[in-house]
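Naming convention: chains lettered A, B, ... in sequence-line order (proteins, then strands); numbering from 1 in each chain.
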Amino acid sequence: MINLIFNLLMIFLVITAFFMVFTKDISNSVIALPVFGVILVVIFVILQAPDAAMAEAIIAAGLTTVFFVITINKTEY
Amino acid sequence: MVIPYVVVIILFSLGIYTVISKKNLIKMVIGFTIVESSLILLLILIGYKPSGTAPILDRQYEIVVDPIPQALALTTIIIGGSVTAVMLALVIKIYKRYGTLNVDELRKLRG
Amino acid sequence: MSKINERLKKLHTIALVVALAVFLLVVVYEIHNLDNNSKRYLSEHYISEGVRETGAINLVTSVLYDYRAFDTLGEATVILTAAAILSLLVPVSKATMLGTKFSIIVYQTTKFSIPFLAVLGVHLIFFGHLSPGGGFVGGVVLSIIPILLTITYGVEFSESKLKPAKKKLVEDIGAIGFILLGLLGVVTGSNFLANGQANFGPGNTGELISAGLIPYLNVMIGIKVGAGLAIIFNSLIKEK
Amino acid sequence: MEAAVWVIILPLLTAFFLGISKLYFKKILFPLVTGSAIIYLYLLISVSTNSYPPKVYSVGGWGLLGINLMVDPFAAMFLLIIAILFLPVILFSLKYIKIDKHDYFILTYLMIGGIAGMVLTADLFNLYVFLEVTSLSSCALVAIKKTDKAIEGAFKYLIMSTLGSFFILLATILTYHLAGTLNMAEIALEFKELPFKLKSILMALFVFGYALKIGLIPLHAWLPDAYEDSPIPYNVLSSGLVMKAAVYALIRVLYIIFGIDFLSESGMLAIGVFWGVITFIIAHLLAFQQTNLNRLLAYSSIAQIAYITIGLFVGTDGGLIGGSFHILNHAIMKGTLFLVIGIFYYSLSAINIKDIKGLGYQFPIISFTFVVASLSIVGLPPFNGFITKWLIIEAALEAGFGYAAFFILVGTFLSLTYYLKVIVTLYTKTEKKIVIKDPGLSLRLPTIFLGSLCIVFGIVPSLPLSLINKIPQFLLDHSEYIRILLGG
């Protein structure tokens, strides 16, 4: 069961990444970034890596998205 | 199972493609985030043992997941986060100076 | 004419990336059918001896803060460099935060959530060697407090509460503290950054004050990461 | 052997204390910087002199379980370069840097700490972490002037160097997956029975990653822009140390982990020499058209680093000695050239070649140093550049790369042309230029010191050669290095 969920998440990860890269509007791709991060966090939990999941959740999905939002805010894109 | 490794390769190549070919600077930094996330995923995948448990040994487990890649993944996440922050600061500075984020226009403006 | 060489350039990059992907697929394929004897004796040693040698239950923390503590020092330097760059790029002038007026609910909830964030951050830092978490994650949670203040109340208010000079001082104290704790190993005759080896009283594992220096190293890194990321965030907000 | 760790910690500690002094005790910048520079000089010399039987220092006392630092003649030679370059640059920048003095010194000390870490470590992931520290802080130093070109150059530099870091990180992860450890000696032993195709692919990843960092031809676009508007003392350290540290790390990884016989068998040596030859020819041609002095020296740096890669990739004792000695020489020669241009920029804000017309008569000593340094970088007999170029040519001929030796001679004439162009403009007679700020003794002394070293090492090459001759013993057949690192 876990393997099925794991493989589904992997496919969903790739779909989010493609969406992030190939949308025209920048704010769409920045909004997709935390989705990408959260899926990665769930994958790390399935792979028995709690430390990395926590760090990924806070830094890569959390703070990096905030920095991107500030950049979009400052450059009025 | 080979699907995870194939996904890592797809993400790595996608990220490199974004960095090379995308015109918008922010899209380029997003490409870096994708490449970095794929490398962290590869790190965790390497350390995983089927039916292993997390490396917290409050009591004895028979199969424990390899702790070294997780420590390296933590370090890579932090380094990636700091480098992304610096890149975005420079992107804002470039936008304030040249008024555009498009790489081609930048090249024309710079002359 | 430019349409064609535009198309050509795009084709060129796609071909390049596809070649890279095929190259990596060959690597993975080669590794995969060789994978029968993937040697892991170093991590076998960490798993079997880790708790006894370093006293920390969380093996990732024992790897990060004892076996390979030098990596953590290098990495804390990366955060300090990023914070130094961003405070360098921002002119000292007035902040140009695009402040928005929030409703009363937002102000109240941030006031309520700050103590919980503080407790969570401190817990993650202190229990780093017992449960997942540790200096980095706890530090980032602690840095969310000034970030929340900046977003809701604006930069001036959060700067008046936590002056940037104070944050820079806290960051440097954390970094210097980490190195001084490392030098503690040298003073007691063993090598730099040695705490498991120089048996600083590993205590009985599982309790809070155990695993020798690891909790104190965690605190130092927590302070440093917290202050560093707060500086990074405020500099990005204030950038004109 | 505590000194090996102190070589890395002291710059980091100084940077942290400078961070505090920026806030509360602003005035102690001068004593803190010069004091730690002098202590650091003593430390470097004490470490690099007793490095003959290479010593291993395990951080944290864990032996092969943790991270080890290794001081062997190759590392000792590099520490010698840091010792020679560091004090003059600090003295020069104390007067040269006006704004953001504290930030500049914090970042410089972090960069030096990162370089020392890269040079000494014998652990693959630790090498990546210190590589990241070095490239992040040197990208910050490029952007310190906050002008349009500086910000643009810093962004381009950060993009390319992070791209390079990703390939190096990918290779490090795969190496850990295959070898199970991160200690270079154990990896070398594990890699002995790896299949040929896999080993060459991993090597290709490492070489591609480091080529981005070194700036070999197709991947060099970021280098001249990074040098254009960055502070001159940083240019000295960057072309003298940062690029060389990337070459050093590449050679350390290739020779120790993959071993010389695999390198020659897989044809990597031939590819490396060929890549070097192409790089320095194109770099010389590009340098010929430059008008901006900084960009001209940047292209010349790319060419000189190509000579070093040729020397190190020839794969014989002579090649290694020639290449390593050229690292030392180039750091000194290029350092002198940049410092002279720094003086001209400081006193007359001269940027292009035509701005320094006729300065030969206003600054006689400095212009003479410029002539000495440019003649030695071209490789004319009495100076140190000639000796190392001759050693590299000799090694290339001996190892059968005749075409490389021939092209090096061609390159010598190419570089002679554009350096002569600068020297000629220096000594053409024009009306006297008004000097805005007089460069005091503290700017001239370091330049003359480095310029005199060009002559000293030219006439008495045995001085550094006594150390450099011992390099191939621990680099060429890596079994000696591995025996010591494994606690032999």
Side-chain angles (χ1 to χ4, degrees), chain A residues 2-3 6-7 9-27 29-31 33-34 36-77, chain C residues 17 21 56-65 75 79 82 86 89-90 95-100 117 120-121 123-125 127-144 146-148 150-151 155 218 221 225-226 228-230 232-240:
Chain A
I2 277 291
N3 268 347
F6 178 67
N7 291 339
L9 279 177
M10 280 293 185
I11 306 300
F12 195 30
L13 196 69
V14 173
I15 294 167
T16 322
F18 271 95
F19 171 75
M20 246 199 304
V21 171
F22 291 112
T23 54
K24 285 289 165 285
D25 183 2
I26 296 296
S27 36
S29 59
V30 166
I31 289 164
L33 198 61
F36 186 83
V38 162
I39 300 169
L40 220 58
V41 167
V42 177
I43 287 174
F44 286 169
V45 169
I46 293 177
L47 289 174
Q48 301 288 340
D51 274 277
M54 215 179 270
E56 169 77 18
I58 293 178
I59 293 166
L63 268 178
T64 310
T65 315
V66 171
F67 292 155
F68 270 105
V69 166
I70 295 172
T71 318
I72 286 203
N73 191 332
K74 293 267 174 190
T75 54
E76 288 100 27
Y77 231 67
Chain C
V17 169
I57 289 181
N58 181 355
L59 286 181
V60 175
T61 314
S62 79
V63 166
L64 264 178
Y65 290 98
E75 200 210 303
I79 297 177
L86 283 160
L89 285 178
V90 169
T96 58
M97 161 84 177
L98 310 166
T100 53
L117 277 173
L120 176 63
H123 165 74
L124 282 173
I125 290 177
F127 281 77
H129 57 288
L130 303 176
S131 69
F136 291 108
V137 181
V140 177
V141 169
L142 279 182
S143 81
I144 288 175
I147 289 176
L148 257 180
T150 316
I151 291 177
V155 181
N218 259 326
I221 286 288
V225 170
L229 284 169
I232 287 179
F233 183 79
N234 274 346
S235 315
L236 262 178
I237 280 278
K238 285 197 296 188
E239 200 152 326
K240 194 167 39 21

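C:Ile147 has its side chain within reach of A:Leu63: a pair of non-hydrogen atoms, C-beta onward, lies under 4.5 Å apart. The closest side-chain heavy-atom distance from A:Asp51 to C:Val137 is not below 4.5 Å. With a 4.5 Å cut-off on side-chain heavy atoms, A:Ile58 and C:Phe136 do not count as touching.
Summarising the geometry of A:Lys74 relative to C:Lys238, their closest heavy-atom pair is NZ-C, 4.2 Å, with the distance given to 0.1 Å.
Heavy atoms from other residues, nucleotides or ligands lying under 6.0 Å from CZ of A:Phe12 number 12 at most.
Of the atoms belonging to C:Leu229, it is side-chain heavy atoms, and not backbone ones, that fall under 4.5 Å from chain A.
Put simply, of C:Val60, C:Ile144, C:Leu64, C:Leu124, the one with the most heavy-atom pairs under 4.5 Å next to chain A is C:Val60.
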